[in-house]
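Counting convention: from 1, in listed order, for ligands and their atoms alike. None of these values were measured; they are calculated from a predicted model.
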Amino acid sequence: MDKWVGKRVVVVSNRLPVVLRKNREEWVVDPGAGGLVTALSPVLRSQGGLWIGWTGCKEEIGSEKLRHILEPVSRRSGFQIIGVQLEELEIEGYYHGFSNSVLWPLFHDLETKCSFSPHFWELYLQVNHKFAKIVAENTRPEDLIWVNDYQLIPLAESFKKIGVKRQCAFFLHIPFPPPDVFMKLPWRVAIMEELQQYTFLCFQTHRDRKNFINSMKILYPSSHIEGRGMLVSLNTGIHQMKIGNLPASIDYKAFCDLSKRKKVVDRALKVRQAAGGRHLFLGVDRLDYTKGVPEKLRAFSRALEKYSTLQDKIMLLQVLVPSREGIYEYRSLREEIEELVRVVNRRFSTDIWTPITYQYTSVSQEELAALYHATDTALVTSLKDGMNLVCKEYCACHSSNGGSLILSEFAGAACQMRKGALLVNPYDVEGVADTIHYAVIMSLCERKSRMTILKNNLRKHDVYWWGEKFLLGALGDF
Ligand code: F6P
């Protein structure tokens, strides 16, 4: 992607591409994880610029020391990194509270999991205000501020409140819910007002964009859409903004190349050997109730029960990446998943075969690539997902000679990958079980042709395509 001459791009997001951790007296810089980091890192690396976000820790670090810790990381990354420090109370109210106990469940259609506490809302605004001040201090009026995700919706409005003028564009990485869900938010008008402060607002899919526009039309009956296609204009009578939808993606080539490295190929071979010729299913999910992991385990168990020929012939490798351990819901979900794994393994295991191998851990990109490369079918059963980049990484790391993808129809990626993937409704245990069986008996020819379709699509619509389109939308036209 070409650099945008004269326009510095400043990415702002809750997470940085790194997380700071104190180990005894030493500060350790770990790589950050998650879809947002996967998508934005290569774009900013190719573009150069600035990335501002939370350090990921609660300990106070002097600002000089913080700059010193982040300097070598910035040099290696190809863009400058500036850390925002948050106190424990702020993390509680803004991050665990409003972001992840209100907006996260609500925007994933799980309103019964929301804790609509006014205290969370106050801290959400307060922290956004803090972010705005730090961004203002480190940027110039001619910069383009690319704000990311639900944690920072009020940022553009916060600039106005502190009298700072910046051009701000916003990308929502998670879904936008349908109006009957969104309307339950006690701060619905405030959130919509804040979103209107951006000159460009971009969603992952047409579904999300339509949901947003439908809520706007209810709250602002005189608002109307001008234009058609990927990029339209929304006029509310007071504000005019551009609205688009673009599927976030991965660095396709980098994942392809990684999967061909000797170390990765050797590790993949070991995984295959350990499977003893069985059909390997792979699940890689962040620990989150939106990912449908219990649903996946139940369907896997049902497949073994319904199709007894699959017993001793298939295995599921399930990796669960730790996340948001400070929230009760997440801790209890982990217990539920681990109990389900025990139940299925107790029921079906034999002396020579254990159906589910489960790991609760973060995995390096190399290990991930090896797992993608080694396994026969990726199993993605999100109940709702903004995009889901795991399924894209899986296809990039797999040769077109085989490998299949079972994908939830409620993941944003399903819009783009419906032709090559086997789509499932994760709530339908029988349907997922049947699809698991089908993935095993599918002909090589069908598998090849599906994987070729998926790979061709992703090669074209990679993360650089996404980043370039977003910046074009923010600065002019697609
Ligand atoms: O867009 C969703 C997201 O922000 C992604 O970065 C990632 O999937 C996840 O949420 C990370 O969550 P957290 O930053 O709370 O660990």
Any idea which atoms of ligand 1 are less than 4.0 Å away from a heavy-atom of [X]?
X	value
Asp149	1 (O), 2 (C), 3 (C), 4 (O)
Gly35	5 (C), 6 (O), 7 (C), 8 (O)
Arg324	9 (C), 10 (O), 11 (C), 12 (O), 13 (P), 15 (O)
His173	1 (O)
Arg15	13 (P), 14 (O), 16 (O)
Ile174	1 (O), 2 (C)

Side-chain donor-acceptor pair present, Glu338, Tyr358, cut-off under 3.5 Å = yes
Quick check, are the ring centers of [X] and [Y] under 6.0 angstrom apart?
X	Y	value
Tyr150	Trp104	yes
Phe98	Trp187	yes
Phe200	Phe170	no

inquiry  = Tell me whether Gly34 has any N or O atom under 3.5 angstrom from an N or O of ligand 1.
reply    = no
request  = Could you tell me which residues satisfy ring-ring contact (aromatic ring centres under 6.0 Å, His included) with Tyr220, sequence neighbours excluded, listed by chain and number?
outcome  = none
key: From Phe182, Tyr198, Phe176, residue fulfilling ring pair (Phe, Tyr, Trp, His ring centres under 6.0 Å) relative to Phe212   = Phe176
query = Looking at atom 13 (P) of ligand 1, what's its closest protein heavy atom, distance included?
reply = Tyr95 OH, 3.3 Å
